[in-house]
Trainee: 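Below you will find the structure I want to go over with you.
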Amino acid sequence: MSESDAPPAARVVVGVSGSLGSLTALCRAAGEARRRGAELWPVLAWEPPGGDLGARRVPAASPSVQDWQRLARERLVTALDEVFGGSPDVALRALVARGAPGPALVEIADHEDDLLVVGAGRRGLLHRALCSSVGRYCLAHAGCAVLAVPPSPLEAEFAAVHRRNLWRLRLDTRELGVESGTAQPPTE
């Protein structure tokens with residue numbers, strides 16, 4: 001059997017943006033790749049601000065497409081360092097793809113035996129109505145199995161603290177310990 005006739009290696013393709021949800025998906029994808037003996041393909045898809053048409057219309061003083069691609073590559077390397085600490089324990093092939101994240105991921109995970117891992121995104125109805133979802137796009141269009149990883153429980157806690165900061169509400173740290181079950185409520 002020649003090298004060209006060999007079946008393609010099993011792959012776990014995962015969308016990475018650097019967000020907390022994508023880092024959670026990357027951790028899950030790495031575990032799936034280890035369990036399956038597959039190669040991990042973290043993919044960061046990017047588009048120039050304003051899309052390709054906007055990139056053609058901007059003045060020469062603005063960042064070039066090469067600059068945007070370099071920034072995307074740096075963001076992917078940072079995400080990989082945050083998750084693996086510089087030494088992944090799984091075979092890895094990182095990619096930076098130019099294009100919308102959903103279509104780019106579906107195009108890359110084009111083998112029937114691939115596993116495509118994406119973050120499930122926020123669960124609120126308002127957010128779903130106003131924002132397109134990479135996860136929903138991949139579930140609808142992928143020709144392979146798709147694993148939608150729910151958001152990290154920490155993400156909701158960070159959002160709650162952020163809302164309190166925006167509204168300039170006091171944050172009582174004793175409440176945090178009681179909610180997480182690590183501290184006893186104050187006795188009076």
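Each residue takes its place number in the sequence, starting with 1.
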Trainee: Give every residue pair that meets the salt bridge (Lys or Arg N to Asp or Glu O under 4.0 Å) criterion with at least one member in residues 72-83, sequence neighbours excluded.
Mentor: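 Counting only pairs at least two positions apart or across chains, the salt bridge (Lys or Arg N to Asp or Glu O under 4.0 Å) contacts touching residues 72-83 are Arg70-Glu74.
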Trainee: Find out if a path of hydrophobic residues (ILVMFWY) with successive side-chain heavy-atom gaps under 4.5 Å connects Val96 to Val65.
Mentor: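 Linked, Val96 and Val65 end up in one cluster.
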Trainee: According to the salt bridge (Lys or Arg N to Asp or Glu O under 4.0 Å) rule, which pairs have a member within residues 12-23, sequence neighbours left out?
Mentor: none
Trainee: Could you list the residues that satisfy side-chain contact (heavy atoms from CB on, under 4.5 Å) with Val83, not counting sequence neighbours?
Mentor: Leu23, Leu26, Cys27
Trainee: Would you name the heavy atoms of Gly15 and Ser22 that are closest together and state the gap between them?
Mentor: O-CB, 3.9 Å
Trainee: To the nearest 0.5 angstrom, please state how far the CH2 atom of Trp46 sits from the CZ atom of Arg98.
Mentor: 4.5 Å
Trainee: Treat each ILVMFWY residue as a node, draw an edge where side-chain heavy atoms are under 4.5 Å apart, and state whether Val77 and Val16 are in one component.
Mentor: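 The answer is no; the residues belong to distinct hydrophobic clusters.
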Trainee: Taking all atoms of both residues into account, what is the closest heavy-atom pair of Leu147 and Glu32, and its distance?
Mentor: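 Distance-wise, the nearest heavy atoms are CD2-CG, 4.1 Å.
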Trainee: Looking at every heavy atom in both Ala97 and Val43, which two are closest together, and how far apart are they?
Mentor: CB-CG1, 4.2 Å
Trainee: If you measure from CG on Leu92 to CG on Leu80, what distance do you get to the nearest 0.5 Å?
Mentor: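 Output value for this atom pair is 6.0 Å.
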Trainee: Under the side-chain contact (heavy atoms from CB on, under 4.5 Å) test, which residues partner Ala145, sequence neighbours left out?
Mentor: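 Testing Ala145 for side-chain contact (heavy atoms from CB on, under 4.5 Å), a comparison that skips the adjacent residues, returns Leu115.
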Trainee: Taking all non-hydrogen atoms of both residues, which atom of Ala45 and which atom of Gly99 are closest, and how far apart?
Mentor: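 Shortest heavy-atom contact: CB-O, 3.6 Å.
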Trainee: Is any side-chain heavy atom of Leu95 less than 4.5 Å from a side-chain heavy atom of Ile108?
Mentor: yes
Trainee: Taking the side chain as C-beta and beyond, is there a heavy-atom pair between Arg11 and His111 under 4.5 Å?
Mentor: yes
Trainee: Could you tell me which residues satisfy side chain to side chain donor-acceptor pair (under 3.5 Å) with Gln66, sequence neighbours excluded, listed by chain and number?
Mentor: Ser64
Trainee: With sequence neighbours excluded, what pairs up with Glu39 under the side chain to side chain donor-acceptor pair (under 3.5 Å) test?
Mentor: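 With sequence neighbours excluded, Glu39 shows a side chain to side chain donor-acceptor pair (under 3.5 Å) to Trp41, given in chain and number order.
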Trainee: Can you pull the side-chain hydrogen bond (donor to acceptor under 3.5 Å, both in side chains) pairs that have at least one residue in residues 83-96, sequence neighbours excluded?
Mentor: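 Only Arg34-Asp89 qualify under side-chain hydrogen bond (donor to acceptor under 3.5 Å, both in side chains).
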Trainee: Looking at residues at least two apart in the chain, or sitting in another chain, which of them share a ring-ring contact (aromatic ring centres under 6.0 Å, His included) with Phe84?
Mentor: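 Once residues adjacent in sequence are excluded, Phe84 has no partner under the ring-ring contact (aromatic ring centres under 6.0 Å, His included) criterion.
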Trainee: Restricting to non-hydrogen atoms, name the atom on Ala38 and the atom on Val90 that form the minimum distance, rounded to 0.1 Å.
Mentor: O-CG2, 3.8 Å
Trainee: Does a salt bridge link Asp113 with Arg36, judged by any charged N lying under 4.0 Å from a carboxylate O?
Mentor: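 Salt bridge: no.
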Trainee: Measuring only between side-chain heavy atoms, which start at C-beta, is Pro151 closer than 4.5 Å to Thr24?
Mentor: no
Trainee: Using the side-chain contact (heavy atoms from CB on, under 4.5 Å) criterion, which residues pair with Ala109? Sequence neighbours excluded.
Mentor: Val13, Asp114, Leu116, Cys144
Trainee: What's the shortest heavy-atom distance between Ala72 and Leu44, and which atoms?
Mentor: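 So the minimum-distance heavy-atom pair works out to CB-CD2, 3.6 Å.
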